Amino acid sequence: MGTAKPLTNRDVVRILREIAALLEIKGENRYRILAYQRAADAIEHLGRDLHALWQEGRLDEIPGVGEAIAAKIDELFRTGRLEYLERLEREYPRTLIELLDVPDLGPKRVRTLYEQLGITTLDELEQAARDGKLRTLPGFGAKTEAKILEGIQRLRRRSDRTLLGVALPRALDIVQTLREQVGSALVEIELAGSLRRRKATIGDMDIVAAAHDPDAVMEAFAALPQVAEVLWRGSTKTRVRLHTGDEVDLRVVAPERWGTALQYFTGSQAHNVRLREMALAQGLSLSEYSFKREDGSEILCAHEEEVYATLGLAWVPPELREDWGEIEAARMGTLPRLVTLNDIRGDLHMHTTASDGRLSLREMVEGARRRGYAYIAITDHSQSLGMVNGLDVERLRAQRAEIRALQVEYDDILILQGAEVEIKADGTLDYPDDVLAELDIVIASLHTALRQPREQITQRLLNAIRNPHVDIIGHPTGRLLLKRDGADLDMDAVLQAAAETGTVLEINASPERLDLDPVYVRQAIARGCLLAIDTDAHHTDDFANMQYGVWQARRGWAEARHILNTRSREAFEAWLASRRAS
DNA sequence: GCCGTTTTCGGCCCGACTGTTTTCAGTCG
């Protein structure tokens, strides 16, 4: 029994994926590989601490984790090691896994590279390609060699994912331009893939269209001004690289096949695999073109709803399509009624020029009124965050007078004075309790010392959650997408404490944060936590980010009733009063 | 390796495109 800190869910997911990758290179049975990948997916979506689940002896409750994988997880938690993986690594070095990231290199070719040339790293691969050694291998040629060399350069340069907030406007711009160029010949066009599912980060962009003359659409697509390079071009599928570096796929189908095509290209892959398995059980083969009966005849679906209906399912909102229980819910008729942007009545987290915001108090209030909000909270930073001009107690009180004066001018919006109070490295809050008590609403957030050990940083957050003056925890984990992982928190404990105290957890709508993650949104709801979707606006332009927060809430299966700021002004004020009374 | 509204054994998604092929393997989504 080691004394090292227990492995996190992420560690176990990484190990299971390593096993899957090495088994692929080894050429193992594909279903065994799939089993490891499915188990990794399930743990990624767990929302609970795997180690805690293991201690309770409940690993068998995880779908996709059977006897063999449970035994491996058990060994990992007991000993910190895994004999099976170590044996595998002696056969095929783990560095081979990074070679799989090179475009056009899959497990078969990686194995050939290793067995024939002894290549184990990117550097060695690059050298061999430069020396012209690759083209001599079976299944390789001069073209493949050149593509691999280019792929290595590209891999070293670019990060492989883009923020939804960056990718979505670019993709919508492509769609818009294409509409203008092709005109009425374009019957349908939609974003698909992870863009349509509104994942927080996007890999490649997928666009799907329906047209009677697919060639004309392909032609126009390849010729768009945004396109830098056509990567490949077929009769139904074209792939391009934009000047921005993004890779975009366009698929065009006949209008009568629009439903199956849109469904298929929206994914996720795991969701689609499940649907196809269901189809097979009914004697149907589902593809992006149609359902095929065993006699070869087809069922066409012009609309996505028909695809689901054919399988006996309710239509599933794209944000839920992750094989995360939505298929079962669609069968039972128990899909959630997801929150929408229309449900939002206010915004409880924003900054002004008093701290690091870019607009004045009045400008922010007027921006919120233009959005039709019934209430807002002004929540500038607290004193210890000097970098962003955090407010000391004196300035905080001066701001309150300003807010009260402004409130007199406007009766159509409730203006609360809050603060985004720093949870300091020592676990104390940045204002004393009596100052917190003067505020209308209090957000507590972590910004500093995010790398503290799990025990310590969890305790810090729990202190804040249990402080009776704290109403909301801002961006709970502190993650910055594609830049910085969140704090190593015991989320089981955090969600439990929030549920017990009624402290609200924020879904921060800033596209760089989108924190809580949907995995925890869902778990928070399951535990009875209340959530709020806030923009953390530093400018009225940021109010538009609310949509991103709503999408992530939807990905976490949130309904309007789970979100505090969907409540009417009266209901919201009643909630505030109850917080103050307790 | 997992799993069961046709199965505790025998299944486990489907198609496009490229390059190296002389009829197809590998990769990708």
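These numbers come from a predicted model, not from an experiment. A note on names: the letters A, B, ... follow the listed sequences, proteins ahead of strands, and every chain is numbered from 1.
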*Asks:* Check the distance between B:dG15's P and A:F291's CZ and give it to me in whole angstrom.
*Replies:*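 In whole Å, B:dG15 P and A:F291 CZ are 13 Å from each other.
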*Asks:* Heavy atoms under 4.0 Å, any strand shown: does A:L105 hit a base, just sugar-phosphate, or nothing?
*Replies:* sugar-phosphate
*Asks:* Rounded to whole angstrom units, what separation is found between the CG atom of A:L284 and the P atom of B:dC13?
*Replies:* 15 Å
*Asks:* Roughly how far apart, to the nearest Å, are B:dT6 and B:dC2 at atom P?
*Replies:*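 Straight-line distance between the two P atoms is 23 Å.
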*Asks:* Please give the distance between the P atoms of B:dC28 and B:dT23 as a whole number of Å.
*Replies:* 25 Å
*Asks:* Can you see whether A:N272 engages A:Q263 through a side-chain donor-acceptor pair at a distance of less than 3.5 angstrom?
*Replies:*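 Their side chains do contain a donor-acceptor pair, which is all the 3.5 Å distance test asks for.
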*Asks:* Base, sugar-phosphate, or nothing for A:Y289, non-hydrogen atoms under 4.0 angstrom?
*Replies:* sugar-phosphate
*Asks:* Of the listed nucleotides (B:dT18, B:dT20, B:dC13), which one gets closest to any side-chain atom of A:K143?
*Replies:*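 It is B:dT20.
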*Asks:* With both distances kept under 3.5 Å, what pairs with B:dC24, Watson-Crick or G-U wobble?
*Replies:*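 Paired with B:dC24, as far as the under-3.5 Å criterion goes, is B:dG19.
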*Asks:* Classify A:E277 by what it touches in the nucleic acid, base, sugar-phosphate, or nothing, heavy-atom distance under 4.0 Å.
*Replies:*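 Sugar-phosphate, no base atom in range.
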*Asks:* If we take the P atom in both B:dT20 and B:dA25, what is their distance in whole Å?
*Replies:* 16 Å
*Asks:* Expressed as a whole number of angstroms, how long is the span from A:E247:CD to B:dT27:C1'?
*Replies:* 14 Å
*Asks:* Counting the atoms with a prime plus P, OP1 and OP2 as sugar-phosphate, which does A:R233 contact under 4.0 Å by heavy atoms, base, sugar-phosphate, or nothing?
*Replies:* sugar-phosphate
*Asks:* Looking at A:H45, A:R38, A:R274, which hits side chain to side chain donor-acceptor pair (under 3.5 Å) with A:D323?
*Replies:* A:R274
*Asks:* Starting at CE of A:M278 and ending at C1' of B:dG4, how long is that distance when rounded to a whole Å?
*Replies:*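 Between C1' of B:dG4 and CE of A:M278: 14 Å.
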*Asks:* Under 3.5 Å, is there a donor-acceptor pair between the A:R321 and A:S268 side chains?
*Replies:*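 No pair is found: no donor N or O on one side chain lies under 3.5 Å from an acceptor on the other.
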*Asks:* Can you tell me the distance, in whole Å, between the CD1 atom of A:I327 and the C1' atom of B:dG4?
*Replies:*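 Nearest whole value for this atom pair: 16 Å.
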*Asks:* By nearest heavy atom, map A:E145 and A:D206 onto DNA chain B; which one lands nearer the 5' end?
*Replies:*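 It is A:E145, whose closest nucleotide lies nearer the 5' terminus.
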*Asks:* Tell me yes or no: between the side chains of A:T121 and A:D123, is some donor less than 3.5 Å from an acceptor?
*Replies:*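 Distance-only check fails for A:T121 and A:D123.
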*Asks:* Any idea which of B:dG1, B:dG29, B:dT20 is nearest the A:D204 side chain?
*Replies:*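 The nucleotide sitting nearest to the side chain is B:dG29.
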*Asks:* With a 4.0 Å cut-off on heavy atoms, is A:A281 in touch with a base, just the backbone sugar-phosphate, or nothing at all?
*Replies:*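 Base, at least one base atom sits under 4.0 Å.
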*Asks:* Answer with base, sugar-phosphate or nothing: what part of the nucleic acid does A:P138 contact at a heavy-atom distance below 4.0 Å?
*Replies:* nothing
*Asks:* In Å and rounded to the nearest 0.5 Å, what is the CG to OH distance from A:L76 to A:Y84?
*Replies:* 13.0 Å
*Asks:* Once you measure the plane-to-plane angle for A:W54 and A:H51, does it fall in the parallel (<30°), tilted (30-60°) or perpendicular (>60°) bin?
*Replies:*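 Tilted.
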*Asks:* B:dA16 P sits how many Å from A:F265 CZ, rounded?
*Replies:* 9 Å
*Asks:* Heavy atoms under 4.0 Å, any strand shown: does A:A42 hit a base, just sugar-phosphate, or nothing?
*Replies:* nothing
*Asks:* Between B:dC9 and B:dC14, how far is it from one C1' atom to the other, in whole Å?
*Replies:* 25 Å
*Asks:* What contact category does A:L286 fall into here, base, sugar-phosphate, or nothing, at under 4.0 angstrom with non-hydrogen atoms?
*Replies:*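 If one applies the 4.0 Å heavy-atom cut-off, A:L286 turns out to touch the sugar-phosphate alone, with no base involved.
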*Asks:* With DNA chain B as reference, determine whether A:V102 or A:A70 sits nearer its 5' end, using the nearest nucleotide of each.
*Replies:*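 Its nearest nucleotide being more 5', the pick is A:A70.
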*Asks:* Does B:dG26 have OP1 or OP2 under 4.0 Å away from a side-chain N or O of A:T144?
*Replies:* no
*Asks:* Classify the side chain of A:Y31 versus the base of B:dG10 as yes if they form a donor-acceptor pair under 3.5 Å and no if they do not.
*Replies:*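 In this structure, the two groups form no donor-acceptor pair.
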*Asks:* Does a donor on one side chain and an acceptor on the other come within less than 3.5 Å for A:N545 and A:S510?
*Replies:*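 No donor-acceptor contact under 3.5 Å links the two side chains.
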*Asks:* Should A:R32 be listed as having a side-chain N or O under 4.0 Å from OP1 or OP2 of B:dG1?
*Replies:* yes
*Asks:* Counting only side-chain heavy atoms from C-beta out, which of B:dC17, B:dT18, B:dT20 sits nearest to A:T236?
*Replies:* B:dC17
*Asks:* Could you tell me how far B:dT5 sits from B:dG1 if I compare only their C1' atoms? Round to whole Å.
*Replies:*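 Nearest-Å result for B:dG1 against B:dT5 at atom C1': 23 Å.
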*Asks:* Between B:dT18 atom P and A:F140 atom CZ, what is the distance in whole Å?
*Replies:* 19 Å
*Asks:* Taking the P atom in each of B:dG15 and B:dG10, what is the distance between them to the nearest angstrom?
*Replies:* 27 Å
*Asks:* Once you round to the nearest 0.5 Å, how far does CD1 of A:I533 lie from CD of A:Q547?
*Replies:*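 One finds 9.5 Å between CD1 of A:I533 and CD of A:Q547.
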*Asks:* Once you round it to whole Å, what is the distance between C1' of B:dC28 and CE of A:M205?
*Replies:*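 So the two atoms are 18 Å apart, to the nearest Å.
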*Asks:* Counting side-chain heavy atoms from CB outward, which of B:dG29, B:dG15, B:dC13 is closest to A:V273?
*Replies:*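 The closest nucleotide is B:dC13.
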*Asks:* Taking the side chain of A:S285 as heavy atoms from C-beta outward, which of B:dG29, B:dC14, B:dC2 is closest to it?
*Replies:*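 Closest nucleotide to the A:S285 side chain: B:dC14.
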*Asks:* Check every atom of B:dG29, B:dT20, B:dG1 against the side chain of A:K72 and return the nucleotide holding the closest atom.
*Replies:* B:dG1
*Asks:* Pick the C1' atom in B:dC17 and in B:dC12, then give their distance to the nearest Å.
*Replies:*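 Roughly 26 Å separates the two C1' atoms.
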*Asks:* Over all strands shown, is A:R274 touching base, sugar-phosphate only, or nothing at heavy-atom distances under 4.0 angstrom?
*Replies:*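 No contact at all - A:R274 keeps every heavy atom at 4.0 Å or more from the nucleic acid.
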*Asks:* Between B:dT22 and B:dG29, how far apart are the C1' atoms? Round to whole Å, please.
*Replies:* 29 Å
*Asks:* Touch check for A:L280, heavy atoms < 4.0 angstrom, all strands: base, sugar-phosphate only, or nothing?
*Replies:*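 Touches sugar-phosphate only.
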